[in-house]
Amino acid sequence: MIPPVFDYHAPASVADAIALLSRFGDSAKVISGGQSLLPLLKLRLGTAEHLVDIGRIPGLEYVREEGGYLRIGGRTREAALERSEIVRTRFPILLDTARVIADPLVRNRATVGGNLAHGDPANDHPATMLALRAIVVAQGPNGERTIPIDRFFTGLFATALAADEILTEIRIPVPPGRSGGAYLKLERKVGDYATAAAAAQVTLDGAGTFAQVGIALTNAGPVPARASAAEDALIGKRVNDAAIAEAARRAAEAASPTADRRGSVEYKREMARVLAARALKKAVERAGGR
Amino acid sequence: MSTHDIQLTVNGASHRVQVESRLLLVHLLRENLRLTGTHIGCDTTHCGACTVLLDGEPVKSCTVLAVQAEGSEITTVEGLEQNGKLHPVQEAFWEKHGLQCGYCTPGMMLTGCALLARDKNPSEAQIREAISGNLCRCTGYSNIVKAIQSAAEQLRQH
Ligand SMILES: Cc1cc2nc3c(=O)[nH]c(=O)nc-3n(C[C@H](O)[C@H](O)[C@H](O)COP(=O)(O)OP(=O)(O)OC[C@H]3O[C@@H](n4cnc5c(N)ncnc54)[C@H](O)[C@@H]3O)c2cc1C
Ligand code: FES
Ligand code: FES
């Protein structure tokens, strides 16, 4: 399969890339790892007159802690996230997530920024970033702006990024002590999108009650969103199985999965409930709560 | 549609080629450079038959544009043999019956090579994880895992 014709541009800086995007408007698309975009073009499910490759811009791949945030460069590949020492030791939820995305070969090219910018509710990073209350940094012709993850996903395959903006960084607030997170996914085989998956991030206070909670599901509707009713069920509650079960029930209730070859609506909702409960338990465990 | 004059190194030899922007790396290798050891299976980024090493890392060449590979070093299965001698991974696939029809084999071996270049003593679980993006419809994988373990042993002795 051969992609439709397009012009290819390889700018050497973010400023040059933005200038190209501004010039071509809607007829241009950013290409990063290309692991969603190229399959789409090859299947002729999409077109672009111009591809602006941000892969030649130096300095966009990094994972570091700075100013109270874990900062992930906009072009950081999943493989780099997996190998990052700080991710391995301090953000196991990110490692959980990266490891179940596609397969190791795809992860050598696919980027975290692309995973969010694609706006695909089947992708795994959106739920995790929602649970972590991440902030997306975008650069455009008028400079830089930050977008809270809760306002980033605007529709099916649609995000708050303008056509002339580039996602340059993802910022995750470094959680306080007694915090933990986990991402659990049910997939039919390696490389498949989630039948159901759940991200949970919790912070406990000294008394062993839930002080902060983030919960989100993957493939649970057209637009990735936090399961806020489920979060509310836990805030201020002591850690116990009944509270976790109630939160998981609420998360599943709010989900609107669609039936496909991965399963029926009922099955997916039930799996979402089970995974949300397990992810919460694992998050509590990692927070040192059990 | 733009065309581009690109330079890339394939199996140690530098090439300058003119490519259409939409040309995929796998077609550049197979059709322009006549290196047909890199196979096309699914053509949809699933099977890994088209695996090559791009600057040492295994990638699916049906999902990389040739222009994206400008300036990089590519290794295909044809580049594994050195001075008429098979690579230890190739020897091991032969010895341990790590292949039947051979369709997945170039990709499997290259993924195995990349793993062993990073870690000469991977566990069975790490080997299975590393090759999880390469599908084999014949062997049931067991002999592929054994072949990579055997190659690792060879490489540790050198
Ligand atoms: C076989 C296969 C299985 C997969 N399985 C999974 C899975 O299980 N879970 C999962 O989460 N994903 C999966 N993916 C998707 C993969 O993770 C994608 O690579 C990822 O969604 C997009 O990242 P990319 O860097 O490749 O982006 P690209 O494909 O380059 O771009 C995707 C979209 O995002 C835009 N974009 C990318 N980067 C930026 C940026 N920095 N600024 C502005 N816009 C940008 C592009 O314009 C494009 O519209 C799979 C892909 C394949 C091929
Ligand atoms: S042909 Fe490239 S992954 Fe199957
Ligand atoms: S040997 Fe036939 S597909 Fe692997």
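Side chains included, hydrogens not; waters and symmetry mates left out as well; all remaining heavy atoms used.
- Atom CG of Asp5(B) has more than 12 heavy atoms from other residues, nucleotides or ligands within 6.0 Å.
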Discussion item. Let's go through Arg75(A) and Thr111(A) carefully: what are the C-alpha distance in whole Å and the side-chain angles of both, what is the deciding distance for side-chain hydrogen bond (donor to acceptor under 3.5 Å, both in side chains) to 0.1 Å, and is it a yes or a no?
Written reply: CA-CA 6 Å; Arg75(A) 234 203 75 79; Thr111(A) 67; 5.4 Å; no

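- Residue contact with chain A, scored on non-hydrogen atoms closer than 4.5 Å, involves the side chain of Thr111(B) exclusively.
- Residue His97(B) places its NE2 atom among 12 or fewer non-hydrogen atoms of other residues, nucleotides or ligands, all under 6.0 Å distant.
- Side-chain contact, Tyr193(A) with Asn219(A): no donor N or O sits under 3.5 Å from an acceptor N or O.
- For the residue pair Thr51(B) / Asn134(B), a side-chain donor-acceptor distance below 3.5 Å is found, with atom types taken as modelled.
- Most heavy-atom pairs under 4.5 Å with chain A, from the set Gly48(B), Gly133(B), Ala114(B), Gly71(B): that is Gly133(B).
- The stretch residues 42-57 of chain A places Lys42(A), Arg44(A), Leu51(A), Asp53(A), Arg56(A) near chain B, each with some heavy atom under 4.5 Å from a heavy atom of that chain.
- Annotation: residues 2-11 of chain A contacts chain B through Ile2(A), Pro3(A), Pro4(A), Val5(A), Phe6(A), Asp7(A), Tyr8(A) [non-hydrogen atoms, separation under 4.5 Å].
- With respect to Thr128(A), the side chain to side chain donor-acceptor pair (under 3.5 Å) criterion is satisfied by exactly one of Asn123(A), Thr97(A), Asp96(A): Thr97(A).
- In this structure, chain A has heavy atoms under 4.5 Å from both the backbone and the side chain of Gln68(B).
- When Ile31(A), Leu105(A), Val190(A), Leu38(A) are compared by the number of non-hydrogen pairs under 4.5 Å with chain B, Leu105(A) comes out ahead.
- Interface remark: Leu135(B) contributes no atoms to any contact with chain A (heavy atom separation under 4.5 Å).
- Residues Tyr267(A) and Thr195(A) bring no donor and acceptor atom of their side chains to less than 3.5 Å of each other.
- Heavy atoms closer than 4.5 Å to chain B are found nowhere in Arg99(A), neither backbone nor side chain.
- Environment of CD in Glu95(B): sparse, with no more than 12 heavy atoms of neighbouring residues, nucleotides or ligands closer than 6.0 Å.
- Other residues, nucleotides and ligands contribute over 12 non-hydrogen atoms within 6.0 Å of the CZ atom of Arg156(B).
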Practice prompt. Might you work through the salt bridge (charged side-chain N to carboxylate O under 4.0 Å, His left out) test for Lys281(A) and Glu285(A), ending with a clear yes or no?
Written response: CA-CA 6 Å; Lys281(A) 281 183 189 159; Glu285(A) 205 178 286; over 6 Å; no

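- At most 12 heavy atoms of other shown residues, nucleotides or ligands fall within 6.0 angstrom of atom NZ in Lys85(B).
- Here the options are Ile93(A), Val136(A), Val112(A), the test is side-chain contact (heavy atoms from CB on, under 4.5 Å), and the partner is Met129(A); only Val112(A) passes.
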